[in-house]
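These notes concern the structure reproduced below.
Quantities reported herein were computed from a predicted structural model and do not represent experimental measurements. Order of the sequence lines sets the chain letters (A, B, ...), proteins ahead of strands, with each chain counted from 1.
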Amino acid sequence: MERMLMKGNEALAEAAIRAGCKCFFGYPITPQTEISAYMAKRMPKVGGVFLQAESEVAAINMVYGCASSGIRCMTSSSSPGISLKGEGVSYIAGSDLPAVIVNVMRGGPGLGGIQPSQSDYWQATRAMGHGDFQIIVYAPSSVQEMADYMGKAFNMADRFRMPALILADGLLGQMMEPVVFEDKEIKMSDASDKPWAASGHGNRRPHNIINSLYLQADELETYNVERFKRYEKVKEELPELESYLCEDAEIVVAAYGSVARLAKAAVEQARAEGIKAGLARPITLYPYPERELRAACKTAKKVLVTEMSMGQMVDDVRLALECRLPVEFFGRTGGVVPKPSEILAKVKVMKGAE
Amino acid sequence: MTEEIILAGFGGQGILFAGKMLAYFGLMDGREVSWLPSYGPEMRGGTANCSVCISDGTICSPLVTEPDILIAMNKPSYDKFINTVKPGGIAIIDSFLIDDRCERDDIKCFYIPATPMAVENGITGMANIILVGKLVKETGIASAEAIRQALEKIIPPKKANLIESNLKAIEMGQSYGQ
Amino acid sequence: MPDFNKPHALTDVPMHYCPGCTHGIVHRLVAEVIDEMGIEGDTIGICPVGCSVMAYDYFNCDMIEAAHGRAPAVATGVKRANPDKFVFTYQGDGDLAAIGTAETVHAATRGENITAIFINNTTYGMTGGQMAPTTLPGQVTQTTPYGRSTDVEGFPVRVCEILSQVSGVALAERVTVTDPANVRKAKAAIRKGFEFQKNKQGFSLIEVLSTCPTNWGKSPVESLGWLKENMIPYYPLGVYKEGAIR
């Protein structure tokens, strides 16, 4: 298995193809455009479909149509474009369809900037669209993980029949790192394992209907309750958190995605300076790894949450810890990447204030 | 052991490519590497820079803020980054494009007129690679074998003739000032 | 001999359409074409948001319910993944020519091998009779209580005329279903659209001038008369573009 040097965006795209993603529908936006470019080049060669849509709205609705027919498909965008996809994600969830959406985050709100950011955490975990639904959100932290969690996202989306989102950022999308792919023949997905799909009944079964409209309130309630019950299973099985040097840590730094790498550097430096620091890195952002975080904070006296935002995941940390530990926040926003030295400085202040 | 490198200059000077080449050197030597470009509208004709890390262990931050090594190919980049170089670090400077001479005595600076050297030797546009050659010479960051393997990897077979000219540029950088 | 039995491509679910509404006729025509071509098992229909939102219950082929205006994008997703299947959208004027204009025009420019059935009845029926993009000048609706003023609300959209300029379009034809002769022409147009699709020859759209007696405040018969007198002059019937693009 060859170590290849690839951009995060490209690794994502290649991993999707290897996961049998047959169709990609996209729209150009910095800093995720390499995904489209890679798909445009590669899809026709492996019997897949790349289509540049007229808008983000159209792209997500193409995904909705393609997923309705039981075919693995995806779309990707960056923050402002993800807002436009919200409608479609809600319909996908409401119709119990598997699909993968990638958000390579940039600074917001509005047109914002094009530098890396994590300011769509709330949107990703709470408000990807209107209505009562939950999705699966993965936050990779390296180019290798961009690839690994892409395959996982497709598998989990299929298994639980719900959208899965990869929440990355401009830093992860643009950086190159070595990545290894499993040697496996590429096989495009078909609808054979999806008896619910609207792919033509072939005069062999009653017609299938893909729909999220239920005009009877009690009927809609039944579907929503069933969906949330299904999500309970997701909550049991999917939460993932990497814990690093947390066994005896007095100060646990919680961070996800690219920022977790910067936090790791800060934690290592703190250890070198004699401060018992550790890193807790949620890999699933939804469902949130609550148990895993509590375990990582077992010996902690204080928790520092660091993000490239004004503080969004910090809410979930407080909820998971049930306010039993003081939780502080350090973040940079607007596309400014925090320096490990800044995080370290905050850790030192917290240590000193004990 | 981790080397943190910043390469900076104008868009079109091959800054990102030179960084990629360094990352491939590390890859071929079986080390951990990362390459992170500045991206955005400034890439088209404005300033361009990238961070490269080459390490024997895990790379935490791919974003380099205090480099061990700086390659500077224009004045704005030199001004922006020269004071961020770690004490004990080195700076490799295209002295044709940058008139300044660094006053810091805690870093080692190498001045190479790489741009005219490239033109005079029939490899116009490879000033970036000449500077990479100097970096290799001063740091021993890559083995000769890794360099050749990396070039074979990043230069598409259609342009195989460029492998030799890149090797020539690296050699010129390595032997400059000897 | 006309066949008065229910086409197989229609289910037994009773339709919810108002008395005199022409949706039922158009549903039947689409279903007859599906039956005659023997393609029910290979057809996927996309419903809009609007009065025909529940068409998924009426057609016997596999059906997908799309968000408002997005049916052509949804159809594109299905068709690109399943190029040998038949895919049609069934959309109203608000869906196709207002909120979904971009999706319509771009599916057409791409020459997607899909067939759009476009019901133009100059009103938003399901929400209770508001102004549509196709509401005629002077026409009174809930949101144009003094009549549509072209100074304020602008001009009605002529979809077939627009699509006649679009290179990806194999068929843009306007028909109506006011009488048996026109019903037969409408069916022939729908059949043509599906044939273009079968041969992968480009995007087809059949605009059907339709009635909305309930929101127009007219009897079914009066509505047919109003359509002929007012709509056809503004939206002349006929073929606006026909010919394989590939």
Under 4.0 Å between a side-chain nitrogen and a carboxylate oxygen: does that hold for [X] and [Y]?
X: C:Arg191; Y: C:Glu32; value: no
X: A:Lys41; Y: A:Glu10; value: no
X: C:Lys241; Y: C:Glu173; value: no
X: C:Lys6; Y: C:Asp35; value: no
X: C:Arg174; Y: C:Glu161; value: yes

Side-chain donor/acceptor of C:Asp62 to backbone N/O of C:Ile44, under 3.5 Å: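 Not a single qualifying donor-acceptor pair exists.
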
For residues [X] and [Y], determine if any side-chain heavy atom of one lies less than 4.5 Å from a side-chain heavy atom of the other.
X: C:Lys79; Y: C:Gln197; result: yes
X: C:Glu242; Y: C:Lys192; result: yes
X: A:Val225; Y: A:Arg230; result: no
X: C:Cys51; Y: C:Tyr124; result: no

Contacting region of A:Ile209 [heavy-atom separation from chain C under 4.5 Å]: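 Interface part for A:Ile209: both.
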
Region of A:Arg205 in contact with chain C, defined by heavy-atom distances below 4.5 Å: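 For A:Arg205, the side chain is the part near chain C, not the backbone.
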
Side-chain atoms of residues 213-221 of chain A: list all donor-acceptor pairs with protein atoms under 3.5 Å, sequence neighbours left out, distances to 0.1 Å.
none

Aromatic C:Phe203 / basic C:Arg110 pairing, under 6.0 angstrom, 45° off normal: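 No, cation not above the ring by the 6.0 Å, 45° rule.
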
Which residues in [range] have a heavy atom less than 4.5 Å from any heavy atom of chain C?
range: residues 186-202 of chain A; value: A:Ala197, A:Ala198, A:Ser199, A:Gly200, A:His201, A:Gly202
range: residues 95-105 of chain A; value: none
range: residues 56-69 of chain A; value: A:Val57, A:Ala58, A:Asn61, A:Met62, A:Tyr64, A:Gly65, A:Cys66, A:Ser68, A:Ser69

Heavy-atom cut-off 4.5 Å, strictly under: side chain, backbone, both or neither for [X] against chain A?
X: C:Ile64; result: both
X: C:His8; result: neither
X: C:Thr11; result: side chain
X: C:Phe59; result: backbone

Distance-only side-chain donor-acceptor flag, C:Arg158 / C:Asn120, under 3.5 Å: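 C:Arg158 vs C:Asn120: no donor-acceptor pair found between side chains.
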
Validation row, ring centre C:Tyr56 to ring centre A:His207 under 6.0 Å: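 Not close enough - the centres of the two rings lie 6.0 Å or further apart.
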
Pair C:Tyr58 + C:His23: ring centers closer than 6.0 Å: no

Mutual orientation of the aromatic rings belonging to C:Tyr17 and C:His27 [parallel < 30°, tilted 30-60°, perpendicular > 60°]: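 Plane angle over 60°, so perpendicular.
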
